[in-house]
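Comments concern the structure below.
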Amino acid sequence: MKQLEELNDSQRIAAEHLDGPLMVIAGAGSGKTRVLTYRIANLIAKGVAPFSILALTFTNKAAKEMKLRIGNLVGEEHARNLWMGTFHSVFARILRVESQRINFPSNFTIYDTQDSRSVIKDVVKSLALDDKVYKPNTIHGRISMAKNNLIGPTAYAQNSEALAEDHQAGRPRTGDIYAAYQARLFRSGAMDFDDLLYKMNTLLRDFPDLLAKYQHKFRYLLVDEYQDTNFSQYLIIKQLAEGHHNVCVVGDDAQSIYSFRGADISNILNFKKDYPESVIYKLEQNYRSTKVIVAAANSVIGKNQDQIQKTVWTDNGEGEKVLVHRALTDKDEGYFVADSIFDVHHNKQAAYSDFAILYRTNSQSRAFEEQLRKRNLPFRIFGGLSFFQRKEVKDLLAYYRLTANSADDESLKRIVNYPARGIGKTTIDRVAAAAGTRDISLWDVLTDEEMRPDGIAKGAWGKLQDFVSMIRSFSASMAKQNAFDLGQHIAMHTGLLGTLHRDKTPEGVARYENVQELLAGIKSFSSEPVEDDPEAVKTLVDYLIDVALLTDVEQEDDDPNKVGLMTVHSAKGLEFPYVFVVGMEEELFPSSMANGTREELEEERRLFYVALTRAKKKATLSYAVSRFRFGKFVQNDPSRFIEEIDEQYVDLPVATSGGGASGWGARRPAGGERWSGGGAKGYYKGGGKSGAVAGTGSRAGAGGAAAARKAAEKAIGGLGGATPKLKKVARPAVVTETATGEAGGIAPGVEVVHERFGKGKVLKIEGDAPHLKATVFFPTAGQKQLLLQYAKLKVLA
DNA sequence: TGGAATGATGTTTTT
DNA sequence: CATCATTCCA
């Protein structure tokens, strides 16, 4: 294939490798996607049938783009037949075909995290356990970890390590919950995300003919981001590759950032052991970033102990130093970033899409949204509360899911009384109880008069029957009607659309629009032709298969020229000329959840490495001295990662001193100890901060701090001056009362503006310092009682 | 039964 | 501060 000439030597050698196991260790920006793309194209050019190539990527979007590029190289008609997608989507597709083997319907429902938690919660309740002890979140994490390591409920009950851990944690019945949870999923014809991988393993383990079939089918395997595979994924690959050993994995240990979901670096480290005959190539030349960015990133990642030795270098220009900006508050940080983007956009003719704002946690996006909006800079938030997780969207999808799979209890419970049809909680509880004792689905109870639980009155039962026949009428046309026609019909016929339309509050209008957007999405889905059969109709079932594993990042946007806002995690694999890594503070990045052990800290460091290496031209880091978080102002030191960058590549902010009562100023508390001794975890010490109340229990801080605090309290009318709640936290938060002045002028007779209710007049103020309550009259919304603590009231001049 | 009001609780990252 | 769950009232 002559296009191989477009590659550099090491890229080309890797791409030309045909048979036998191959591992490519690819530094950031070294063109690993290119290698994958060209290698696949080359295989096809050499006569390998596209349908015998399986390529697993990290996101569906990556797969889509790669397919497109391969299509450009060897023709779209070939690329189309490739097996390409995420582990989850590819194996979900196979599971749909083979599901009878494990007694699942082919249209099984895929439960998302919310669904899973809800089931767990229910199970915990039915086992008469305390959900304060058995928190759905925690339990789900345990179950997920077990599944990722292919430990089923039975094995779990015999796993001494797991049992010991659960016992230690005071949750000895975790295994029982796991077993009951699986039983419930089975009963509902549902699989959770982890099941998609787990059950694929089950198929390959229990059905030799299937193993042989897929080993034979997939003659060439390619895995992108191999460093982020977990055991479950690893084993699928290993088994499929058994016969022919034509497996090519690509990855970068320095970018392994998913250990929280079971990713195991040892998969990449042990590749040579699994395939002794394997060839390993390293791609070390970076084509993406400036010399400064590459060097800065290298200096940071060098602090990690666990890594495969490699030297990433670049021929690109020197570039600007990494700029570090110190903002006073998160709001200022937002202002700074928006301002910088505005500036560069105008002065350097950069497109909006040339900018990305990367943060550690989704909740940080808000400050940037606001500031970007103010400057009229178009932006798009990736991830976060995904479109598909919105209540109204999930509601409509629940109707679709139930229509497709009537055993889906979660969906049934969700919508049986939405919109309201007079079916109350008591009624549903009784139905659920009856289903539980017989181990059948709720639907099975509803569709059998014999099953009618005692205590359900004729009236309620009648309403349930109406519901059943409505769903049945939908199901009847599911197989033949196209997705949009039926989808629209359901949205209207159930009354869901009407209910939302009647709600004229801003939120209600937004919800209505979201549902319309969902329908629009279904419409465009319906209008695409079915791959091999242009005559066939795209049904709602087809849509559901697609939509369950779609993420926000993958949703197309009508106008791609927008500033991107996303977490560092979701930025993996992407690149932007200008990157802002924000919230560079201790406790946030590195996260307070993850600096207990060296391993965890190293993962945070790799995450930072990923963030930095997204930048092509310029990287800017910013931190806020004080951040509004959790309803309070919290103060943290600049992230240690800033210091870890070799200083010759950084442009640090000028250290100003002074700065009001609090005396922030020093960029960092003078040298000193970051960690107090003591426990294994080590608690962070407040360092030299005055004006801050450090620690959970401390009442007033010492000396000057007390005075400063008093002054601050006075300035804000005593608001927020409450003694911090005594609450057990792993690491004491540092709380600062800043004088926002917002409460100052609020008094009876004053005109104020509320975010939601608009303009209003304060009638009276009552209550004590922390819980001041204002009675305000709003012409538009009537008289309201508002807690000044929470309500954002602005005084009208 | 439905809805509003009040209270508890929670925040890492994602398929 | 936001979301959720529970509670309380019509």
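Nothing here was measured: the structure is a model prediction, and the numbers come from that model. We name chains A, B, ... by the order of the sequence lines, and we start the count at 1 in each one.
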Notebook entry, point to check: If you check every side-chain atom of A/T113, which of B/dT15, B/dT14, B/dT11 has the closest atom?
Noted result: B/dT15

Next item on the list: Could you check how far CD of A/Q227 sits from P of B/dT14, rounded to whole Å?
Entry: 16 Å

Item checked: salt bridge (Lys or Arg N to Asp or Glu O under 4.0 Å) partners of A/E392, counting only residues at least two apart -> none

Item checked: Distance (rounded to the nearest 0.5 Å) between A/S639 OG and A/E586 CD -> 5.5 Å

Check: Over how many whole Å does the gap from A/L358 atom CG to B/dT14 atom P extend?
Finding: 12 Å

Note to self: I need the CZ-P distance between A/R502 and B/dG3, as an integer number of Å.
What the structure shows: 11 Å

Notebook entry, point to check: Are A/R366 and C/dA2 close enough that a side-chain N or O sits under 4.0 Å from OP1 or OP2?
Noted result: yes

Margin query: Expressed as a whole number of angstroms, how long is the span from A/W461:CH2 to B/dT1:C1'?
Written below: 19 Å

Next item on the list: Using whole Å, report how far CZ of A/R117 lies from C1' of B/dT14.
Entry: 11 Å

Check: Rounded to whole angstrom units, what separation is found between the CG atom of A/L197 and the C1' atom of B/dT14?
Finding: 13 Å

Checklist line | Of the listed nucleotides C/dC1, B/dT14, B/dT15, the one nearest the side chain of A/H88 | finding: B/dT15

Note to self: Using a 4.0 Å heavy-atom cut-off, does A/D194 contact any base of the nucleic acid, only the sugar-phosphate backbone, or nothing at all?
What the structure shows: nothing

Item checked: Candidate nucleotides C/dA2, B/dT12, B/dT13, ranked by approach to the side chain of A/M593 - the nearest -> B/dT12

Next item on the list: Kindly write out the residues that satisfy salt bridge (Lys or Arg N to Asp or Glu O under 4.0 Å) with A/D264, not counting sequence neighbours, or none if the list is empty.
Entry: none

Item checked: Rounded P spacing from C/dC4 to B/dT13 in Å -> 15 Å

Short N/O separations, protein against nucleotides 5-9 of chain C, under 3.5 angstrom:
residue : atom : partner : partner atom : Å
C/dA5   : OP1  : A/K121  : NZ           : 3.1

Check: At under 4.0 Å between heavy atoms, what does A/T427 touch on the DNA or RNA strands: base, sugar-phosphate, or nothing?
Finding: sugar-phosphate

Notebook entry, point to check: Could you state the CE-P distance from A/M566 to B/dT14, rounded to the nearest angstrom?
Noted result: 11 Å

Check: B/dT11 C1' sits how many Å from A/N636 CG, rounded?
Finding: 14 Å

Notebook entry, point to check: With side chains defined as the heavy atoms from C-beta onward, is the minimum distance between A/S116 and A/Y181 less than 4.5 Å?
Noted result: yes

Check: Taking atom NZ of A/K394 as the centre, does the number of heavy atoms from other residues, nucleotides or ligands within less than 6.0 Å exceed 12?
Finding: yes

Check: If you look at every strand shown and take non-hydrogen atoms under 4.0 Å, does A/Y258 touch a base, only sugar-phosphate, or nothing?
Finding: sugar-phosphate

Note to self: According to side-chain hydrogen bond (donor to acceptor under 3.5 Å, both in side chains), does anything in residues 123-141 of chain A pair up with another residue at least two apart or in another chain? List the pairs.
What the structure shows: A/R117-A/N137

Notebook entry, point to check: 5'-most contact on DNA chain B: A/K463 or A/T567, nearest heavy atom basis?
Noted result: A/K463

Checklist line | Under the ring-ring contact (aromatic ring centres under 6.0 Å, His included) test, residues paired with A/F260 that sit two or more places apart | finding: A/Y258, A/H569

Item checked: All salt bridge (Lys or Arg N to Asp or Glu O under 4.0 Å) counterparts of A/R414, not counting sequence neighbours -> A/D395

Notebook entry, point to check: At under 4.0 Å between heavy atoms, what does A/K135 touch on the DNA or RNA strands: base, sugar-phosphate, or nothing?
Noted result: sugar-phosphate

Next item on the list: Measure from the side chain of A/R261, starting at C-beta and using heavy atoms only, and say which of B/dT13, B/dT11, B/dT15 lies closest.
Entry: B/dT15

Notebook entry, point to check: Which nucleotide sits closest to the side chain of A/T86: B/dT14, C/dA2, B/dT15?
Noted result: B/dT15

Checklist line | A/F108 six-ring centre to A/K199 NZ/CZ under 6.0 Å and within 45° of normal | finding: no

Check: Does a side-chain N or O from A/N362 land closer than 4.0 Å to OP1 or OP2 of B/dT14, or not?
Finding: yes

Note to self: Check this one for me: any side-chain N or O of A/S570 less than 4.0 Å away from OP1 or OP2 of B/dT13?
What the structure shows: no

Margin query: Taking the nucleotide of DNA chain B with the nearest heavy atom to each, does A/L607 or A/A420 sit closer to the 5' end?
Written below: A/A420

Check: What nucleic acid atoms does A/T426 come within less than 4.0 Å of, heavy atoms only: base, sugar-phosphate, or nothing?
Finding: sugar-phosphate

Next item on the list: Looking at every strand, decide which applies to A/N137 at a 4.0 Å heavy-atom threshold: base, sugar-phosphate, or nothing.
Entry: sugar-phosphate

